[in-house]
There are 2 protein chains.
Amino acid sequence: MDAKCPHNTEVNCGDCRMNALCLPLALQTKEISQLDEIVQRGRPLQKEGHIYHAGEEFKSVFAVRSGSVKSYTVTNEGQEQVTGFHLPGEIFGMDGIAHNHYTNSAIAMETAAVCEIPFSNLQELSIAIPSLQRHFFQLMSKEITNDQSLITLLSKNTAEERVATLLLSISNRNLRRKLSGVRFRLPMSRADIGNYLGLTVETVSRVFGRFQKQDILLVDKKEIEILNIDQLRNLAN
Amino acid sequence: MDAKCPHNTEVNCGDCRMNALCLPLALQTKEISQLDEIVQRGRPLQKEGHIYHAGEEFKSVFAVRSGSVKSYTVTNEGQEQVTGFHLPGEIFGMDGIAHNHYTNSAIAMETAAVCEIPFSNLQELSIAIPSLQRHFFQLMSKEITNDQSLITLLSKNTAEERVATLLLSISNRNLRRKLSGVRFRLPMSRADIGNYLGLTVETVSRVFGRFQKQDILLVDKKEIEILNIDQLRNLAN
DNA sequence: CGGCGTTATTGATCTAGGTCATCTGAAGTA
DNA sequence: TACTTCAGATGACCTAGATCAATAACGCCG
């Protein structure tokens, strides 16, 4: 397998293009190789392939290496609730720590590759490398603040504000990966967007329509171009 | 100050009635006294007294000893968003870890006492006591799963389902403290309930009204008696 | 005790977004 | 190439809960 292939499973953490995003900055070379030993690089996942199912025993947290992943739960009435979208360089699976079982399921939204980090090893290593412990406390805290902004979004904002906010979030996360913040492909369906934002597909579709009519966006199926990011920011507020 | 006084600040962790809730079960007597040394027991807070403000430098997490506390953020439009209610034995303030500044403000909803746990000391101690590290990972993960159920509640459930779910949550948390799960006093106002659940005060009031008419609840201002907990569970689903 | 601000209740109306139904087009497949 | 499927867009209508407005009931303080 070619080292440049984005789904390559053979690379180690030190060489991975994503390491600036998922590892603590302060890590020494020696420490990186310690981490490398516990990280398991899984083979590429097909679209719709599960990384884990809700209820399974919690063993590991995961980092997205390529592609994209969504987390979701199923309510007692059987409806799906999307709880997060995970792009390359992002960590997911930390919801499982509390009860020793995953509360979410995680599924690839397109062809993807993930790194598996066994949590018991990570705990031990965190004791040897305090900056790693700190890093994981921070990652979990960030997840908490993210979830809380979603709570605020859902309880206070209109459909347009919610969609605008999601687009800006994806734009920012693309920038972090040195990709374009104004032209990108949405990895998720309209249904997933609606589900995540507490809206119906129809409403999402209509909001995209309105944004196009106002020359804020150019939408071609999943390809998005942000034409007026300032106005989008205004709308998101 | 009398040792039996609920707002007493002189007690240590080993004697505290709440220790089964906020400390890891596995802690040894010696370890408890190590923890005791870093925990600072603050003096009682007046109603509306702030524990910290959003934006302040993050230094500590806190445990509720008595009374009750609410966390909230203020949106860019200046509206308050309640992000959590904290009852005795519960830990709060973990949102601050991510950015080294609190993202929420925390305020006493009634006379309350809190224990302050300086986070840098806690991190060090977590390295010496692995079960403490594990415990805090779990606490943070629990916060994540709680926030995610709130997200689901807000995006999928009706006003009645939301109110029923909150009442059952408070009921369960009272049971954990060996208090009645069916008769209790709500520490928060209708406005706080509405804000937390993404509803207006009027809607909350009407839902309470309907629940009373159906003989599910007996409501007298903030005093609640659950008359039919099974039906409440059905409604919450 | 009486006046006043705050919190809760209740009623009347309005609206954002849900529901339902139809239509289009792209992608897969036989 | 024709057939099916599924994601997305769009239009017509409806409803849960918001908004606005009035009233009641409670502390709280001089």
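In this text the structure is predicted, and so the values were computed from the model without any measurement. Reminder, nothing fancy here: chain letters follow the sequence lines and each chain counts from 1.
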Rounded to whole Å, please give me the gap between [atom1] in [X] and [atom2] in [N].
{"X": "A/D220", "N": "C/dT24", "atom1": "CG", "atom2": "P", "result": "19 Å"}
{"X": "B/Q79", "N": "D/dA18", "atom1": "CD", "atom2": "C1'", "result": "13 Å"}
{"X": "A/E160", "N": "C/dA16", "atom1": "CD", "atom2": "P", "result": "10 Å"}
{"X": "A/K213", "N": "D/dG11", "atom1": "NZ", "atom2": "C1'", "result": "12 Å"}
{"X": "A/K221", "N": "C/dG25", "atom1": "NZ", "atom2": "C1'", "result": "8 Å"}
{"X": "A/E48", "N": "C/dG28", "atom1": "CD", "atom2": "P", "result": "14 Å"}
{"X": "A/K47", "N": "C/dG28", "atom1": "NZ", "atom2": "C1'", "result": "13 Å"}
{"X": "A/L217", "N": "D/dA9", "atom1": "CG", "atom2": "P", "result": "12 Å"}

- Query: According to a strict under-4.0 Å criterion, is B/T200 in side-chain N/O contact with OP1 or OP2 of D/dA18?
  - Reply: yes
- Message: If you compare every side-chain N and O of B/T203 against the phosphate oxygens of D/dA18 (OP1, OP2), does one of them come in below 4.0 Å?
- Response: yes
- Query: With sugar-phosphate meaning primed atoms plus P, OP1 and OP2, does B/G194 contact a base, only sugar-phosphate, or nothing at under 4.0 Å between heavy atoms?
  - Reply: nothing
- Query: How would you label the contact of A/S189 with the nucleic acid (heavy atoms, under 4.0 Å): base, sugar-phosphate, or nothing?
  - Reply: sugar-phosphate
Between the base of [N] and the side chain of [X], is there a donor-acceptor distance below 3.5 Å?
{"X": "B/R162", "N": "D/dG17", "value": "no"}
{"X": "A/R206", "N": "D/dG8", "value": "no"}
{"X": "A/R210", "N": "D/dT10", "value": "no"}

- Query: Relative to each other, are the rings of A/Y52 and A/Y102 parallel, tilted or perpendicular (30° and 60° limits)?
  - Reply: parallel
- Message: Over 60° means perpendicular and under 30° means parallel, so tell me whether B/F92 and B/F62 are parallel, tilted or perpendicular.
- Response: parallel
- Item | Sidechain-backbone polar pair: B/E90 side chain, B/L87 backbone, donor-acceptor under 3.5 Å | yes
- Message: Heavy-atom count check: over 12 atoms from other residues, nucleotides or ligands less than 6.0 Å from B/K222 NZ?
- Response: yes
- Nearest-nucleotide pick for A/R190, side chain only, options being C/dT9, D/dA9, C/dT7: D/dA9
- Proximal nucleotide (of C/dT7, C/dG17, C/dT19) relative to the A/E202 side chain: C/dT19
- Between CG on residue B/D215 and CG on residue B/N228, distance to nearest 0.5 Å: 8.5 Å
- Task: With DNA chain C as reference, determine whether B/K222 or A/N157 sits nearer its 5' end, using the nearest nucleotide of each.
- Result: B/K222
